[in-house]
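So the structure is just underneath, and the comments pick up after that.
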Number of protein chains: 2
Amino acid sequence: MRKTILFYGLSLAALVFLMKVLEYRFFVRDFSLEFYVGVVAVLFTALGVWVGLRLTRKKTAFVVMPSGRFVLNEAALKETGISPREHDVLDAMANGLSNQEIADKLFVSLNTVKTHTSNLFVKLDVKRRTQAIQKGKSMGLIP
Amino acid sequence: MRKTILFYGLSLAALVFLMKVLEYRFFVRDFSLEFYVGVVAVLFTALGVWVGLRLTRKKTAFVVMPSGRFVLNEAALKETGISPREHDVLDAMANGLSNQEIADKLFVSLNTVKTHTSNLFVKLDVKRRTQAIQKGKSMGLIP
DNA sequence: ATGGCCTTCGCCCGAAAGTATGATTCTTCT
DNA sequence: AGAAGAATCATACTTTCGGGCGAAGGCCAT
């Protein structure tokens, strides 16, 4: 990551240098300012397109377990401080259940489920249940 | 498509106009050429990034990840009748994005995303986004 | 026994998600 | 040319989530 930033920086520097060259090569020779600016504009537009393309390359590594059974990562459980009940909720959540359905399944009230989910989000450092599921899976908390 | 081209043209025209304004507002008032050019450069770089993002949002383009060789199940795609755009939304959804974030990422309005998600739920026969993610994964629609 | 947890539950409120319906534009296929 | 399917957006409405309080009982360690 640092390398790419450095690379962008160097590219910018190179372009600035090119600008200076153009400035003394063309501008002083009575080329119009519009022309000069136009060149700069085109150049930087191209740079922008290129950077835009670079930036949107996806990288999201995904760790899947095609083999046998799912093993719970208990170390991660302790690190995050997720309680057994919260873990139940996370599991139900990952199965696509709504809070109300989770409440019915666990025989508790809707409010209780909400409390659990809220605490869960804090402990997982996420904002939405979809993210919680994602993170839970990647951490080996749920299958 | 014609409209987008027209839009780009207008954007460029607007920027050129802005350039002229800057030219008479700042340049003649003894601001340095470097400053002026810098503003132009930043402006057009931003434009370039934006254009780059817009241009690359076509194509389903799922980058295969190093450690799991995900292959899109195109048969399932046809069976469910999920459109390319809906597929984009599903992917973003699985990455834990909110509808608003998806809208920003795909350069469309929130309402459009909602429409896509609704159609998606019907086609996947689910009721919630969490279920859509589950089903999407199990059907090989998303990594 | 006191402080710290987990679990349970309540209320309020705003934000996000989802449903329904209709409209426009554009491409593609017949 | 016309039908059909996309993609886009809008408006209006309901439901679900999520945050921010607070609180009570149980359990377990220092």
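Note on naming: letters A, B, ... go to the chains in the order of the sequence lines (proteins, then strands), and numbering restarts at 1 for each one. What you are looking at is a predicted structure, and each value in this text was computed from that prediction instead of being measured.
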**OP:** Could you run through nucleotides 20-30 of chain D and give me one letter per nucleotide, 5' to 3': B if any protein heavy atom sits under 4.0 Å from the base, S if only the sugar-phosphate is that close, - if neither?
**Re:** -----------
Between [N] atom [atom2] and [X] atom [atom1], what is the distance in whole Å?
{"X": "B:N119", "N": "C:dT21", "atom1": "CG", "atom2": "C1'", "value": "12 Å"}
{"X": "A:D104", "N": "C:dT8", "atom1": "CG", "atom2": "P", "value": "14 Å"}
{"X": "A:K114", "N": "C:dA16", "atom1": "NZ", "atom2": "P", "value": "15 Å"}
{"X": "B:L110", "N": "C:dT19", "atom1": "CG", "atom2": "C1'", "value": "14 Å"}
{"X": "A:I102", "N": "C:dT7", "atom1": "CD1", "atom2": "P", "value": "15 Å"}
{"X": "B:E101", "N": "C:dA15", "atom1": "CD", "atom2": "P", "value": "16 Å"}
{"X": "B:Q100", "N": "C:dG14", "atom1": "CD", "atom2": "C1'", "value": "16 Å"}
{"X": "A:F107", "N": "C:dC9", "atom1": "CZ", "atom2": "C1'", "value": "18 Å"}

Subject >> Listed partners of A:D91 passing side chain to side chain donor-acceptor pair (under 3.5 Å), at least two apart >> reply: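 Applying side chain to side chain donor-acceptor pair (under 3.5 Å) to A:D91 gives none.
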Original post:
If only side-chain N and O atoms of A:T112 are considered, is one of them under 4.0 Å from the OP1 or OP2 phosphate oxygen of C:dC9?
Top reply: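 A:T112 to C:dC9 OP1/OP2: side-chain N or O found under 4.0 Å.
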Original post:
Is any side-chain N or O of B:N111 closer than 4.0 Å to OP1 or OP2 of D:dA10?
Top reply: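 For B:N111, the contact criterion (side-chain N or O under 4.0 Å from OP1 or OP2 of D:dA10) is met.
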Gap separating the [atom1] atom of [X] from the [atom2] atom of [Y], nearest 0.5 angstrom:
{"X": "B:E74", "Y": "B:K78", "atom1": "CD", "atom2": "NZ", "value": "7.0 Å"}
{"X": "B:I142", "Y": "B:D88", "atom1": "CD1", "atom2": "CG", "value": "12.0 Å"}
{"X": "B:S83", "Y": "B:L77", "atom1": "OG", "atom2": "CG", "value": "9.5 Å"}
{"X": "A:L120", "Y": "A:D125", "atom1": "CG", "atom2": "CG", "value": "12.0 Å"}
{"X": "B:H87", "Y": "B:M93", "atom1": "NE2", "atom2": "CE", "value": "10.5 Å"}

Original post:
Taking side chain as C-beta onward, heavy atoms only, is A:F121 less than 4.5 Å from A:R129?
Top reply: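 A:F121 vs A:R129: side chains touch.
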Original post:
With a 4.5 Å heavy-atom cut-off, do A:L124 and A:I82 have their side chains touching?
Top reply: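 Result yes, sub-4.5 Å side-chain heavy-atom pair found.
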**OP:** Using a cut-off of strictly less than 4.0 Å between a heavy atom of the residue and any atom of DNA chain D, enumerate the qualifying residues of residues 74-95 of chain A by number.
**Re:**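 Heavy-atom cutoff 4.0 Å gives no residues at all.
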Subject >> Sub-4.0 Å heavy-atom contacts from residues 120-130 of chain A onto DNA chain D, ordered by number >> reply: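 Residues of residues 120-130 of chain A that come under 4.0 Å of DNA chain D are, in numerical order, A:F121, A:R128, A:R129.
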Any donor and acceptor pair, going by atom type alone, linking the side chain of [X] with main-chain N or O of [Y] inside 3.5 Å?
{"X": "B:N99", "Y": "B:L110", "value": "no"}
{"X": "A:N95", "Y": "A:L97", "value": "no"}
{"X": "A:Q131", "Y": "B:G96", "value": "yes"}

**OP:** Mind grabbing the angle between the end helix axes of the helix from C:dA1-D:dT30 to C:dT30-D:dA1? Five pairs an end, 10° rounding.
**Re:**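 Terminal axis comparison yields 50°.
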**OP:** Sorted by first residue and then second, give each salt bridge (Lys or Arg N to Asp or Glu O under 4.0 Å) pair with at least one member in residues 95-109 of chain A; sequence neighbours left out.
**Re:**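 Non-adjacent pairs meeting salt bridge (Lys or Arg N to Asp or Glu O under 4.0 Å): A:E101-B:R128.
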**OP:** Compare the minimum distances between each of C:dA17, C:dT8, C:dC9 and the side chain of A:H116, then state the nucleotide with the smallest one.
**Re:**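 It is C:dT8.
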Original post:
Under the side-chain hydrogen bond (donor to acceptor under 3.5 Å, both in side chains) rule, what pairs show up with a residue in residues 111-122 of chain A, not counting sequence neighbours?
Top reply: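 Output for this query lists A:S109-A:T112.
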Original post:
Residues in salt bridge (charged side-chain N to carboxylate O under 4.0 Å, His left out) with A:K123, at least two apart?
Top reply: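 By the salt bridge (charged side-chain N to carboxylate O under 4.0 Å, His left out) rule, A:K123 matches A:E86.
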